[in-house]
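One structure is given here, and the rest of the page talks about it.
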Amino acid sequence: MPELSHRRRMLVLAICCMSLLIVSLDNTVLNVALPSMQQDLHASTSGLQWTIDAYTLVLASLLMLAGSTADRIGRKRVFIAGLIVFTVGSVLCSVAPNLEALIAFRMVQAVGGSMLNPVAMSIITNTFTDPRERARAIGVWGAVVGISMAAGPLVGGLLVDSVGWRSIFWINLPVGLAALLLTLRFVPESRAPRARRPDPVGQVLVIALFGSLTYAIIEAPSTPFRSLAPLAVVALAALTALLAYEPRRKEPLIDLRFFRSAPFSGATVIAISAFAALGGFLFLSTLYLQNVRGLTALEAGLWMLPMAVPTFLCAPLSGRLVGTRGPRLPLLIAGLAMTTSGVLFAAFEAETSNVTLFAGYVLFGIGFGFVNAPITNTAVSGMPRAQAGVAAAVASTSRQLGQTLGVAVVGAVLASGVGASSYRETFVSAARPGWWILAVCGAAVLALGAVTNGRWARGTAERAAARLESAEARDAAAVRV
């Protein structure tokens, strides 16, 4: 891809951020609408979990395929297809007649969403070649998540209270159409120097692993263990087959050589932990504010601002820190803040007091604001540029898998604790184990941020990148011969 002017690079960044905005906004808006959807569609707690996890599960399953396909056939082409499918999926969600149809249409949305985030990050990585400029661009990218958190609950609450929950999907239409037109006009086409072949076996194994694991967790509170045991067997068999099959392929769906880099492996686990905490945090907070405190959707959205605003403010600061001092400091700040927030809710029942509830939301917002930029930067900066799409897709997959597991696990814990008892009376005690899980996720971010970004870890990243580049060169030479 030719070197672009500074103004053109900024425009490409803005277009890519628009795609992230509609995908992120969709999740934050949906969380505020959950109680209204529950009442209108007569959904159980597991039904609410599926409206979120059907989307994130399909997204996590297809992100790596989308990233490698974009590297092969063209990033702009795949990005355009993603915008079209996501926008059509949004229209279908807005007219869903029942819960089952809504879940199915959310999966259509996810197919389009899988072509947006990793491909957009790959476009950014190949547009901003200077490491410091790339880190700042990724910081801006992370700030968009903060914007979606700030705008999503407010916009969603206003729409739900005034028009109804179906209107939350309408806001994707103008943004999606504008991003589509701008992409056609201004985003240059790019692809990897050498096309990678598809890996259908690896893709099927990934879907089997993620799907069986998520279904077993969500349905565990209401399903006998005897009925769930086959799903556990399927998940274990899929994981074993994936680990055995992928290293034998020259061009695997998941290049396990990436994980020889300690920072990359650490960033993957950090992404799963941080986004599991986010998914669980939003799920518990929304249900508590509306179903227990009895707030309207708009009032609940206003209560989410103490979390959303710090996320928005801290994300670009985190990007600048990554560019100047590396990812370790932002990760330490993120882990400490998220752990403290989780402990505040788990040990001191922060939700029962306005002061502690506010403090817990602010701390979580700070932590999540600092965590996103170092994850992305670490995932792509140590990899060859030709592998940018796949590396970014692995990072994005880790995020979506984390959010899927966070909602599944925390929702299952909540459903088990509430049972058939009064929802309002038992919610706080039933949610306490879920808050401890979120505190553990924060502690994992803190520990891995400290361990996987030292001198030794950077050395493993350099050696892994060198091996990947050598392997790419050998494969390219074999193709020419």
Side-chain angles (χ1 to χ4, degrees), residues 57-75 78 111 114-115 117-119 121-122 125-126 190-213 234-269 271-272 375-376 378-402 460-480:
L57 179 60
V58 172
L59 204 61
S61 300
L62 297 181
L63 281 169
M64 286 177 287
L65 173 63
S68 60
T69 301
D71 282 346
R72 182 173 64 253
I73 69 172
R75 293 164 185 136
V78 173
V111 173
S114 70
M115 304 180 206
N117 283 7
V119 179
M121 180 50 61
S122 182
T125 302
N126 283 271
S190 65
R191 55 175 56 88
R194 189 175 60 85
R196 294 172 61 85
R197 290 178 296 178
D199 181 10
V201 174
Q203 184 62 61
V204 170
L205 291 173
V206 166
I207 293 173
L209 172 60
F210 290 174
S212 58
L213 183 62
V234 170
L236 182 60
L239 177 61
T240 303
L242 201 62
L243 294 176
Y245 175 76
E246 291 297 280
R248 298 180 181 179
R249 284 185 58 88
K250 289 184 178 180
E251 297 174 336
L253 177 71
I254 305 174
D255 197 331
L256 299 181
R257 293 174 298 180
F258 285 2
F259 295 95
R260 295 174 182 172
S261 163
F264 183 89
S265 299
T268 301
V269 180
I272 293 173
I375 290 173
T376 306
T378 303
V380 301
S381 61
M383 297 295 122
R385 287 178 62 190
Q387 298 278 11
V390 180
V394 172
S396 296
T397 299
S398 303
R399 291 183 176 91
Q400 299 304 327
L401 178 61
T460 68
E462 292 171 358
R463 290 191 293 272
R467 292 192 191 101
L468 284 168
E469 288 177 344
S470 298
E472 288 288 324
R474 287 196 302 271
D475 292 344
V479 171
R480 287 195 296 271

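These values consider heavy atoms only, across backbone and side chains, with no hydrogens, waters or symmetry-generated copies. As the structure is a computational prediction, the values presented were derived from the model and not from experiment.
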Which heavy atom of [X] sits nearest a heavy atom of [Y], and at what distance?
{"X": "Val119", "Y": "Arg75", "value": "CG1-O, 3.2 Å"}
{"X": "Ser398", "Y": "Ala271", "value": "CB-CB, 3.7 Å"}
{"X": "Ser61", "Y": "Ile207", "value": "CB-CG1, 3.8 Å"}
{"X": "Glu246", "Y": "Gly202", "value": "OE2-CA, 3.6 Å"}
{"X": "Ala238", "Y": "Leu205", "value": "CB-O, 3.7 Å"}

Taking C-beta and beyond as the side chain, do [X] and [Y] meet within less than 4.5 Å on heavy atoms?
{"X": "Arg249", "Y": "Val201", "result": "no"}
{"X": "Pro198", "Y": "Gln203", "result": "no"}
{"X": "Leu59", "Y": "Phe210", "result": "no"}

Enter the distance from [X]:[atom1] to [Y]:[atom2] here, rounded to the nearest 0.5 Å.
{"X": "Gln400", "Y": "Leu63", "atom1": "CD", "atom2": "CG", "answer": "6.0 Å"}
{"X": "Leu209", "Y": "Leu239", "atom1": "CG", "atom2": "CG", "answer": "5.5 Å"}
{"X": "Leu256", "Y": "Leu242", "atom1": "CG", "atom2": "CG", "answer": "7.0 Å"}
{"X": "Leu213", "Y": "Leu401", "atom1": "CG", "atom2": "CG", "answer": "7.5 Å"}

Candidate pair Ile375 and Arg399, rule side chain to side chain contact (heavy atoms under 4.5 Å, CB included), full reasoning: CA-CA 9 Å; Ile375 290 173; Arg399 291 183 176 91; 3.7 Å; yes
Is it true that a side-chain atom of Ser265 and a backbone atom of Phe259 form a donor plus acceptor pair closer than 3.5 Å? yes
